[in-house]
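The shown structure was predicted, so the numbers you read here are calculated from the model rather than taken from an experiment. Heads up: numbering here begins at 1 and tracks the sequence.
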Amino acid sequence: QVQLVESGGRLVQAGGSVRLSCTASGRTFSNYAMGWFRQAPGKEREFVAVINWIGSRTTYADSVKGRFTISRDNAKNTVYLQMNSLKAEDTAVYYCAAGRSNAQTTTWSYWGQGTQVTVSS
């Protein structure tokens, strides 16, 4: 089992920045790819970003590319999402997830409880 706890969500003005953190406990954090997802009211959960187990490879949704940065610190069992140039449409509950990757895909096995980011325009 892996337990994930997100933090850092808050109310921010459009154009501002927020850094989310997700701290893991349980099984070895560095064994897992880590991802961020978000769910806005009335919408399905969507992929935001993923980072591989060692932090050497990242992938982003087109909607956040160039504005968000995912990173991880395996010594601290923590993954981060730095969000800059925020827009009203970034308002959502943000979830982190841990999963195993192969060449084609990542299977997400563990999820956090989410943290709210609200961007005011």
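- Between Trp36 and Phe68, the distance from one ring center to the other does not fall under 6.0 angstrom.
- One distance of note links OG1 of Thr58 with CE of Met34; it measures 14.5 Å at 0.5 Å rounding.
- Heavy-atom contacts from other residues, nucleotides or ligands closer than 6.0 Å to NZ of Lys43 number 12 or fewer.
- Under the 4.5 Å side-chain heavy-atom criterion for grouping Ile, Leu, Val, Met, Phe, Trp and Tyr, Leu20 is not connected to Val50 through any hydrophobic cluster.
- The side-chain heavy atoms of Val5 and Gln3, taken from C-beta on, include no pair separated by under 4.5 Å.
- When hydrophobic clusters are built by joining Ile, Leu, Val, Met, Phe, Trp and Tyr residues whose side-chain heavy atoms come closer than 4.5 Å, directly or via intermediates, Trp53 is not grouped with Phe47.
- Asn52 places a side-chain N or O within donor-acceptor distance of the main-chain N or O of Arg57, the cut-off being under 3.5 Å.
- Of all heavy-atom pairs between Phe29 and Ala24, the closest is CD1-CB, 3.4 Å.
- Hydrophobic clustering, with ILVMFWY side chains joined whenever heavy atoms are under 4.5 angstrom apart, groups Tyr94 together with Val12.
- Using modelled atom types, no side-chain atom of Gln82 and backbone atom of Arg19 make a donor-acceptor pair closer than 3.5 Å.
- In this structure, the separation between OH on Tyr60 and CZ on Arg67 is 12.0 Å, given to the nearest 0.5 Å.
- Residues Glu6 and Tyr95 share a closest heavy-atom pair of OE2-CA, 3.2 Å.
- At distances below 3.5 Å, at least one donor-acceptor pair connects side-chain atoms of Thr91 with backbone N or O atoms of Val119.
- Between the OG atom in Ser121 and the CG atom in Leu86 there is a gap of 12.5 Å [rounded to 0.5 Å].
- Residues Asn74 and Arg72 share a closest heavy-atom pair of OD1-NE, 2.7 Å.
- Side-chain contact between Arg100 and Asn31: present, with at least one pair of heavy atoms (C-beta onward) separated by less than 4.5 Å.
- Checked for salt-bridge contact, Asp90 and Lys87 miss the test: no charged N lies under 4.0 Å from a carboxylate O.
- Atom CG of residue Leu81 and atom CD1 of residue Ile51 lie 10.5 Å apart, to the nearest 0.5 angstrom.
- Across all non-hydrogen atoms, the minimal contact from Ser85 to Ser17 is N-OG, 4.4 Å.
- Placement of Val117 and Phe37 in two distinct hydrophobic clusters is found when ILVMFWY residues are connected by side-chain heavy-atom separations under 4.5 Å, directly or transitively.
- Taking each heavy atom of Ser21 and Thr78 in turn, the nearest pair found is CB-CG2, 4.2 Å.
- Within the 4.5 Å cutoff, side-chain heavy atoms of Val64 are placed close to those of Arg38.
- To the nearest 0.5 Å, the span separating SG on Cys22 from CG on Asn77 amounts to 10.0 Å.
- If you take OG on Ser101 and OH on Tyr32, they are separated by 11.5 Å, rounding to the nearest 0.5 Å.
- Within a 6.0 Å radius of CH2 in Trp111, more than 12 heavy atoms belonging to other residues, nucleotides or ligands are found.
- The two residues Ala92 and Ala40 come nearest to each other via the heavy atoms CB-N, 3.8 Å.
- Hydrophobic clustering keeps Tyr80 apart from Trp108 (ILVMFWY residues linked when any side-chain heavy atoms are closer than 4.5 Å, directly or through intermediates).
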